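Because only heavy atoms are used, hydrogens play no part in the values below, and waters and symmetry mates are left out as well, while side chains stay in. The structure presented is a predicted model; accordingly, all values stated were derived computationally and were not measured. Just so it is clear: chains get the letters A, B, ... in the order the sequence lines come, proteins before strands, and each one is counted from 1.
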Protein chains: 2
Amino acid sequence: MAQRKNISDAVVRRLPRYLRYLSEMHEHGVPRISSRELGERMGLTPSQIRQDFSHFGEFGQQGYGYRVGDLLAAIRHILALDREYHMVVFGAGNIGQAVAKYPNFSERGFLIDALFDTDPELVGKKVEGIKVLHWDKAAQYLKNHSVDIGVICVPHAAGQEVADRLIQGGVRSIWNFPPRDLSVPEDVLVENVHLSESLYALVFRSKHRDTCGGQKG
Amino acid sequence: MAQRKNISDAVVRRLPRYLRYLSEMHEHGVPRISSRELGERMGLTPSQIRQDFSHFGEFGQQGYGYRVGDLLAAIRHILALDREYHMVVFGAGNIGQAVAKYPNFSERGFLIDALFDTDPELVGKKVEGIKVLHWDKAAQYLKNHSVDIGVICVPHAAGQEVADRLIQGGVRSIWNFPPRDLSVPEDVLVENVHLSESLYALVFRSKHRDTCGGQKG
DNA sequence: TAGATTGTTAATCGATTAACAATC
DNA sequence: TAGATTGTTAATCGATTAACAATC
């Protein structure tokens, strides 16, 4: 019954985690898994796992469970990871370079085609084989290239301006690192990675260790 | 009625966001804010905001709202950001260095005292004024220094081993970047930052743009 | 005082868990 | 066949929203 209703954010956040566990099992040659056993490994209830999968179709077999390889392929497809994505990164500082150099991304089909910065020290150089262009070239670049995802790694004061440029250039998915919420049109998606807020949450739970607890994030 | 019940993760994740908005308002000299107006700015309902705050005490005034400065100080205290934290980072690669160099952290009292790596090219050098030590020195270091937070930025195959070393050395809060869940004793807290999973969630929502939507993360 | 807005209690909504018929 | 396990419907649990008395 592939996707009748809206998928809740809670489910969306669990999908990549299923992918990770299944990938690992698949690499280890595990041929089948039941929701009970997967739940034990991941710390979820079997009910939740079956409920989650049922949003997208029927992937298991009564009395048997799930074929790891098939389920893995299905989730990869559900997450739309069976294609390539073209990305550009604004801001070639620490975080921008870390993103550009992160090997998992290119392996997984996330291709970083260009870096943009204003620093004359950086512009014209290459980082990990990716050319660093000046911001002034961005509009031109976006006109001539199809970009699926724009990554914002500039200081937070410049974040909104960069977002505006990306949107102006037709980019509709933004991965946003600076600690500021962006205002964007309805049809543009923003995924935030706010490192400080993650750290603050850790510190809070650490202070209130007794009342909270466990592994999060 | 400061913290009678457990604080849900949803609330914990909103607290840093309140802090961010209030900081900004405070910097702009805004003296007061009502839950209605704060809700409008943040995209939350006034009810939720009042409900959230009420977990920790009474910070407002009927008919008036909240004094921005006071509320900011209260939330800073609730988040335990009114003290310093000593951190060590394992893995001085791209992400480890990005964390070490991130200026917001030291400004906010998150002090990175040491980096650990195995790469002989890096060991002995300094990154942003922080000495890079060999992993072999970690046990010794942890014996002699009080470390509040251990940051894991090593390749994911080494993550669990590093976690074990940190825990062995008495560290009870771990900020974990590699894409693998750690197994830790009950009294150890782990906060995960799984970049790929964040990116996958963006891609999923992008594919199903109509059924999901908005700003997340 | 009158208007505004809080903190809290009650109602609603949504997500998780349990139960179970279907069936491999 | 008997045992196991699915997909789904129903029950429960928790989080969000609405309502409102208290009061600045």
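Between the C1' atom of dT16(D) and the CG atom of L44(B) lies a distance of 11 Å, rounded to the nearest Å. For the pair I33(A) CD1 and dT6(D) C1', the computed distance is 14 Å after rounding to whole Å. The CZ atom of R32(A) sits 11 Å away from the P atom of dA4(D) (whole-angstrom rounding). Note: CG (D52(B)) to P (dT6(C)) measures 13 Å, nearest angstrom. Between the CD atom of Q51(A) and the C1' atom of dA10(D) there is a distance of 11 Å, given to the nearest Å. In this structure, R67(B) atom CZ and dT6(C) atom C1' are separated by 13 Å, rounded to whole Å. Here dT6(C) presents its P atom at 10 Å from CZ of F53(B), a figure rounded to the nearest Å. Atom CZ of F56(A) and atom C1' of dG7(D) are 15 Å apart (whole Å).
Here F105(B) and W175(B) bring their ring centres to under 6.0 angstrom of each other. A centroid separation of less than 6.0 Å is found between the aromatic rings of Y141(B) and F116(B).
Applying the 4.0 Å criterion to OP1 and OP2 of dT16(D), one finds that S47(B) has every side-chain N and O outside that range. Residue T45(B) places at least one side-chain N or O under 4.0 Å from the OP1 or OP2 atom of dT17(D).
Contacts of S34(A) with the nucleic acid, taken as non-hydrogen atoms under 4.0 Å apart, involve only primed sugar atoms and P, OP1 or OP2. Across all strands, Y66(A) comes closer than 4.0 Å only to sugar-phosphate atoms, never to a base (heavy-atom distances).
Ring-plane geometry between F53(B) and Y66(B) is classed as perpendicular, the angle between the planes exceeding 60 degrees on a 0 to 90 degree scale with a lower cut at 30.
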Just the atom pairs and distances: protein N or O near nucleotides 20-24 of chain C's N or O, under 3.5 Å.
unit_1  : atom_1 : unit_2 : atom_2 : d
dT23(C) : O4'    : Q62(A) : NE2    : 3.4
dC24(C) : O3'    : Q61(A) : OE1    : 3.1
dC24(C) : O2     : Q62(A) : O      : 3.4

Heteroatom pairs (N/O) under 3.5 angstrom, protein to nucleotides 11-15 of chain C:
none

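In this structure, the separation between OH on Y18(A) and CG on L38(A) is 7.0 Å, given to the nearest 0.5 Å.
The one candidate from V162(A), V193(A), I152(A) that meets the side-chain contact (heavy atoms from CB on, under 4.5 Å) condition with P178(A) is I152(A).
Note on R83(A) versus D148(A): salt bridge recorded, some NZ/NE/NH1/NH2 to OD/OE distance being below 4.0 Å. Between E24(B) and R20(B), none of the side-chain N atoms (NZ, or NE/NH1/NH2) sits under 4.0 Å from a carboxylate O, so this pair counts as no salt bridge.
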Check against side chain to side chain contact (heavy atoms under 4.5 Å, CB included), N192(A) and R17(B): CA-CA 12 Å; N192(A) 291 310; R17(B) 223 170 137 243; over 6 Å; no

Walk me through whether K207(A) and V203(A) qualify under side chain to side chain contact (heavy atoms under 4.5 Å, CB included). CA-CA 6 Å; K207(A) 182 189 174 192; V203(A) 161; 5.6 Å; no

Under the criterion salt bridge (charged side-chain N to carboxylate O under 4.0 Å, His left out), I'd like the reasoning laid out for R108(B) against E197(A): C-alpha separation, chi angles, the key distance, then a yes or no. CA-CA 12 Å; R108(B) 290 289 195 150; E197(A) 297 183 12; over 6 Å; no

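Other residues, nucleotides and ligands place more than 12 heavy atoms under 6.0 Å from the CD atom of E40(B).
Looking only at distances, no side-chain donor or acceptor of Q97(A) sits under 3.5 Å from a matching main-chain atom of N94(B).
Stem regions annotated for DNA chain C: C:3-24 with D:3-24, counting only runs of 3 or more consecutive pairs of Watson-Crick or G-U type with both contacts under 3.5 Å.
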